[in-house]
Trainee: 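I have a structure here, written as structure tokens, and I will follow up with some questions on it.
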Amino acid sequence: QVQLRESGGGLVQAGGSLLLSCAASGLTLPNDAAAWFRQAPGKEREFVAAVGWGGGTTYYSDSVKGRFTISRASAENTIDLQMNRLKLEDTAVYYCAVRLGTMVPSTKDYDYANWGQGTQVTVSS
């Protein structure tokens, strides 16, 4: 069974930084890939970033490219999302997701079968 636990969400001022972490268990490393998605009130779930353990490939949405960094640590089974220069538009519930059996990351939410409970990120002016 895969279990994902997110932490690091909270309130931050615009222009500030925040680190989100996802502690994962039950993975089949290195044949796994992970991603972060977010969902703002009244909006659809949106892709943020993705990474594969084996290949080291990373993907970012245009809205966060250059500001956010996704990383993974196999030893700790964690997936981090470092968020810098936060904007009001970044306010959302952020979700960690994992797909098993492949090192290839995906930008599509339907490719991920395992999800965390989400953590709230609120950016204020």
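Side chains included, hydrogens not; waters and symmetry mates left out as well; all remaining heavy atoms used.
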Trainee: Is it true that Arg72 and Asp32 make a salt bridge, defined as a side-chain N closer than 4.0 Å to a carboxylate O?
Mentor: no
Trainee: Does the side chain of Ile79 reach to within under 4.5 Å of the side chain of Cys96, using non-hydrogen atoms?
Mentor: yes
Trainee: Please name the pair of heavy atoms, one in Val64 and one in Val48, separated by the smallest distance, quoted to 0.1 Å.
Mentor: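 Of all heavy-atom pairs spanning Val64 and Val48, the closest is CG2-O, 3.5 Å.
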Trainee: Kindly determine whether Val121 and Leu20 satisfy side-chain contact (heavy atoms from CB on, under 4.5 Å), including the steps that lead there.
Mentor: CA-CA 9 Å; Val121 173; Leu20 304 183; 4.0 Å; yes
Trainee: Under a 4.5 Å cut-off applied to non-hydrogen side-chain atoms, are Leu81 and Thr69 in contact?
Mentor: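 A side-chain contact is absent here, since even the closest heavy-atom pair is not under 4.5 Å.
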Trainee: Please tell me if the side chains of Val51 and Pro105 come closer than 4.5 Å, counting only heavy atoms from C-beta onward.
Mentor: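 No, every pair of side-chain atoms sits at 4.5 Å or beyond.
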Trainee: Can you say whether the rings of Tyr94 and Phe68 are parallel (under 30°), tilted (30 to 60°) or perpendicular (over 60°)?
Mentor: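 Tilted.
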Trainee: Taking 4.0 angstrom as the limit, do Asp62 and Lys65 come out as a salt bridge?
Mentor: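 So Asp62 pairs with Lys65 through a salt bridge.
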Trainee: Would you say Tyr95 and Gln39 make side-chain contact, with heavy atoms under 4.5 Å?
Mentor: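 Yes. Closest side-chain heavy atoms under 4.5 Å.
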Trainee: Do Glu46 and Ser63 have side chains that get closer than 4.5 Å, going by heavy atoms?
Mentor: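 Answer yes - side chains close enough.
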Trainee: Could you go through Leu27 and Val2, starting from their C-alpha distance and side-chain angles, then the distance that decides it, and tell me whether this counts as side-chain contact (heavy atoms from CB on, under 4.5 Å)?
Mentor: CA-CA 6 Å; Leu27 304 182; Val2 176; 4.2 Å; yes
Trainee: Can you tell me if Asp80 and Gln82 form a side-chain donor-acceptor pair at under 3.5 Å?
Mentor: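 No, no side-chain donor-acceptor pair sits under 3.5 Å.
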Trainee: Output, in order, the C-alpha distance, side-chain angles, deciding distance and verdict of ring pair (Phe, Tyr, Trp, His ring centres under 6.0 Å) for Tyr60 and Phe47.
Mentor: CA-CA 8 Å; Tyr60 296 95; Phe47 169 76; 8.1 Å; no
Trainee: May I ask you to test the Met83-Arg67 pair for a side-chain heavy-atom distance under 4.5 Å?
Mentor: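 A side-chain contact is absent here, since even the closest heavy-atom pair is not under 4.5 Å.
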Trainee: Taking Gln117's backbone N and O only, do any of them form a donor-acceptor pair with Glu6's side chain (distance below 3.5 Å, no angle check)?
Mentor: yes
Trainee: Please examine the side chains of Thr119 and Ser7, heavy atoms only from C-beta on, and report whether any two atoms are closer than 4.5 Å.
Mentor: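 No; the side chains remain at least 4.5 Å from each other.
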Trainee: Establish, for the pair Arg45 and Trp115, whether the NZ or CZ atom is under 6.0 angstrom from the six-membered ring centre and no further than 45 degrees off its axis.
Mentor: yes
